[in-house]
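Structure first, commentary second.
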There are 2 protein chains.
Amino acid sequence: MDTQTIGCVKAATKILGDKWTPQILRFFVNERSVRFCQVQDLVDGINPRTLSARLDSLEKEGIIVKTATTSENRCEYSLTEKGEALLPILKDMDAWSRQYEPVSA
Amino acid sequence: MDTQTIGCVKAATKILGDKWTPQILRFFVNERSVRFCQVQDLVDGINPRTLSARLDSLEKEGIIVKTATTSENRCEYSLTEKGEALLPILKDMDAWSRQYEPVSA
């Protein structure tokens with residue numbers, strides 16, 4: 001069995017292999033930057049502590065960066081180049097979900 | 001924020017949002033069917049009980065089917081059409097892993 005051809009999905013699985021992270025990242029397909037409360041509103045059922053931990057982890061992994069917004073003392077998150085390279089995967093995950101589990105999705 | 005454009009990655013996340021499942025499924029990129037022991041040998045660090053639970057779950061979700069082999073009393077697993085539709089995602093996860101984390105991957 002040739003394991004070299006598709007040798008390792010581990011690094012991507014470390015990021016995407018989590019119940020919440022793909023749901024957090026999908027917002028970046030349409031938005032250049034998002035605020036904490038926007039993600040919290042739209043990721044159904046996530047609690048703030050979990051969201052905060054996931055965002056910290058994504059920042060540490062170099063997937064997103066936290067930047068200060070011009071107005072007020074707020075922070076926004078945006079994708080790095082490494083994070084943007086995940087978007088085609090998220091789009092495919094979305095397409096697959098629509099095609100094969102339209103009801104439960 | 002338009003959440004409809006990429007509305008839901010949930011169904012795919014239910015399958016791929018797991019430490020082991022992408023690593024199990026990647027073998028099907030190169031192989032039409034695999035045996036339990038082949039997967040166990042090549043998924044680094046998985047224990048048989050976990051592998052068995054993941055394969056059962058993938059079968060229940062309609063991603064793989066278990067078939068009897070002609071020789072001996074062995075079973076093989078192969079992808080359904082729904083499972084094959086995951087392969088492009090796995091290929092992209094592999095490409096991302098190679099590009100961004102070649103050392104740890």
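Chain letters run A, B, ... following the sequence lines, proteins first and then strands; every chain starts at 1.
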Interface check, chain A: of B:Pro88, B:Gly62, B:Ala85, B:Ala95, most non-hydrogen pairs under 4.5 Å belong to B:Ala85

Nearest 0.5 Å, please: how far is CG in B:Leu90 from CD1 in A:Ile89? 9.5 Å

Check each atom of B:Ile15 against the heavy atoms of chain A and say whether the ones under 4.5 Å are side chain, backbone, both or neither. side chain

Check side chain to side chain contact (heavy atoms under 4.5 Å, CB included) between A:Asp44 and all other residues, then give those that pass, not counting sequence neighbours. B:Lys10

A:Met93, A:Lys82, A:Glu81, A:Gln23: which one forms the most heavy-atom pairs within less than 4.5 Å of chain B? A:Lys82

For chain B, find which of A:Leu86, A:Leu16, A:Leu25 contributes the most heavy-atom pairs closer than 4.5 angstrom. A:Leu86

Is the side chain of B:Trp96 donor-acceptor paired with the backbone N or O of A:Val9 at a distance under 3.5 Å, no angle test? no

Tell me the salt bridge (Lys or Arg N to Asp or Glu O under 4.0 Å) pairs involving residues 54-65 of chain A, sequence neighbours left out? A:Lys14-A:Glu61, A:Asp18-A:Arg54

Does any heavy atom of chain A fall under 4.5 Å from the side chain of B:Lys19, the backbone, both, or neither of them? backbone

Tell me whether A:Ser97 contacts the main-chain N or O of B:Ala12 through its side chain, where contact means a donor paired with an acceptor under 3.5 Å. yes

